[in-house]
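A short worksheet on the structure shown next.
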Number of protein chains: 2
Amino acid sequence: MPKISDKQRESRRQQILEAALACFAEDGFHQTGMADIVKRSGLSHGAVYLYFQSKDDLIEALADDRHRREAVLNSVAQGSGDPIEGLHALVRVYAQWLTDPAGEARRRVGIHGWAEALRNRRVRSSVVEGIDMPRALIVALVERGQHDGLIRQGPGAEAIARMLIAIFQGFVLQKSWGEDFDVATCVAAVDDVIDGLRTTKSDVKRRTRT
Amino acid sequence: MPKISDKQRESRRQQILEAALACFAEDGFHQTGMADIVKRSGLSHGAVYLYFQSKDDLIEALADDRHRREAVLNSVAQGSGDPIEGLHALVRVYAQWLTDPAGEARRRVGIHGWAEALRNRRVRSSVVEGIDMPRALIVALVERGQHDGLIRQGPGAEAIARMLIAIFQGFVLQKSWGEDFDVATCVAAVDDVIDGLRTTKSDVKRRTRT
DNA sequence: ATAAAATGACTGACTGATCGTTTTTTATTT
DNA sequence: AAATAAAAAACGATCAGTCAGTCATTTTAT
């Protein structure tokens with residue numbers, strides 16, 4: 001009985017999602033009106049509500065970014081080699097995502113999502129789960145490296161993972177604020193830090209801080 | 001002619017600012033209504049508008065956090081010793097600010113400010129200027145260390161500064177989302193990274209990444 | 001094959017509620 | 001009494017969301 005094909009229906013859905021993404025990227029979730037999304041999508045109010053129950057429904061649909069997680073997963077598929085190399089590969093994936101001009105809207109919406117995560121439980125779950133996967137990945141890499149004697153024992157794997165993730169979160173912020181932020185050199189500094197995790201000949205006692 | 005003393009007037013102002021801070025920390029700038037701030041402050045609508053011209057006025061007043069900048073400035077006052085020690089001191093300041101339970105509201109408002117900075121020019125200026133000072137401080141420390149041969153030449157001072165700042169931005173996010181985020185161990189990892197900047201005996205050629 | 005009936009896709013004017021702000025009224029102080 | 005702080009009431013604008021109705025297509029009946 002459907003009057004339009006599933007293809008068309010999914011296309012309409014994407015049409016609305018893209019309009020919402022652009023609007024949210026520009027003005028944030030709460031400063032964007034449904035009228036803005038409606039106008040940008042080229043549809044009508046009623047039509048939008050045929051595809052999404054509410055504005056919050058749209059927000060939740062955009063707060064979760066599955067594409068990036070899959071990209072991260074692909075990068076781990078080749079992760080049976082040197083753990084340090086694995087970390088570099090991961091950095092490369094995020095660096096590329098950070099540079100892609102087409103991803104600017106997603107990065108901006110992501111930042112709005114970070115703020116929204118403070119007060120919206122569903123959004124927070126999406127955000128936290130979004131960083132849980134790369135975190136577990138880094139922890140696994142570092143622990144393997146430490147077990148094999150390739151990575152120094154000093155800092156905990158969990159702490160290193162959170163630090164690396166924090167770096168890219170901060171990079172997204174700084175880049176999106178439009179300062180002259182040179183992704184290449186900053187990423188190079190991260191690569192340098194990762195190389196610094198390698199076991200050195202003279203890794204006897206490293207100072208521990210309180 | 002004076003109706004109430006300047007002390008009282010400033011006290012009322014702070015009373016409103018504190019109410020606004022608490023509200024903004026809970027629900028963000030745009031989901032907080034003036035009615036919420038009015039109720040929380042214990043005053044009336046009209047009274048609030050005697051002290052602040054508009055809601056945006058309140059937002060801008062809270063987006064800028066001078067207290068932290070001053071704390072950073074104090075930490076640099078003792079910055080004539082070892083550059084690496086200087087970086088550790090800076091980390092200590094931010095770690096303490098990150099741990100302070102009384103600062104949770106400010107951290108949350110700060111995150112909302114990061115998102116707001118994407119669309120509000122004034123807020124963005126506040127935020128960017130807020131990180132410009134510690135950035136310049138780190139750059140100066142690193143450059144001095146590199147000049148004196150205490151810090152490796154590999155990564156640029158600017159990149160290191162942005163990375164360290166990014167780390168704490170990410171830490172604020174992860175901690176505020178309420179995951180079990182252990183500040184102490186994560187900060188220890190940062191200290192470890194900083195120690196890794198030190199010149200080693202075998203710092204001949206470090207690999208450079210594209 | 002063709003017309004009538006039915007249904008899905010979509011429209012846009014409209015709703016009540018809430019928004020930030022202004023104006024009016026009351027209370028307090030000098 | 002003169003002035004001003006504070007409270008109360010009310011403003012127009014805007015919000016997310018709705019719903020009676022239109023249009024186009026498909027199904028059914030002849």
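Reminder, nothing fancy here: chain letters follow the sequence lines and each chain counts from 1.
Neither side chain, B/Asp82 nor B/His88, offers a donor N or O lying under 3.5 Å from an acceptor on the other. Side chains of B/Gln169 and A/Gln174: a donor on one and an acceptor on the other come within 3.5 Å.
For the segment residues 112-125 of chain B, no residue has any heavy atom less than 4.0 angstrom from an atom of DNA chain C. For residues 14-33 of chain B, proximity to DNA chain D is found at no residue, defined as any non-hydrogen atom under 4.0 angstrom from a strand atom. Residues of residues 40-47 of chain A having a heavy atom closer than 4.0 Å to DNA chain D, listed by number: A/His45, A/Gly46. Of the residues in residues 48-64 of chain B, B/Leu50, B/Tyr51 come within less than 4.0 Å of DNA chain D through at least one heavy atom, sorted by number.
With a 6.0 Å cutoff to the six-membered ring centre and a 45° limit on the axis angle, A/Arg106 does not count as a cation-pi contact of A/Phe24.
The environment of A/Glu10 atom CD is dense: over 12 non-hydrogen atoms of other residues, nucleotides or ligands sit within 6.0 angstrom. Counting non-hydrogen atoms of neighbouring residues, nucleotides and ligands closer than 6.0 angstrom, the CZ atom of B/Arg69 exceeds 12 such neighbours. B/Arg119 CZ: more than 12 foreign heavy atoms inside a 6.0 Å radius.
With sequence neighbours excluded, no residue forms a ring-ring contact (aromatic ring centres under 6.0 Å, His included) with B/Tyr49. A/Phe52 is linked by a ring-ring contact (aromatic ring centres under 6.0 Å, His included) to nothing, counting only residues two or more places apart in sequence or in another chain.
Checked for salt-bridge contact, A/Arg135 and A/Glu158 meet the test: a charged N lies under 4.0 Å from a carboxylate O.
We find that CG of A/Asp36 is positioned 12 Å from P of D/dT14, with the value rounded to whole Å. Atom pair A/Arg9:CZ and C/dC10:C1' shows a separation of 12 Å (rounding to whole Å applied).
B/Val48 and B/Ser41 get closest at one heavy-atom pair: CG2-OG, 4.2 Å.
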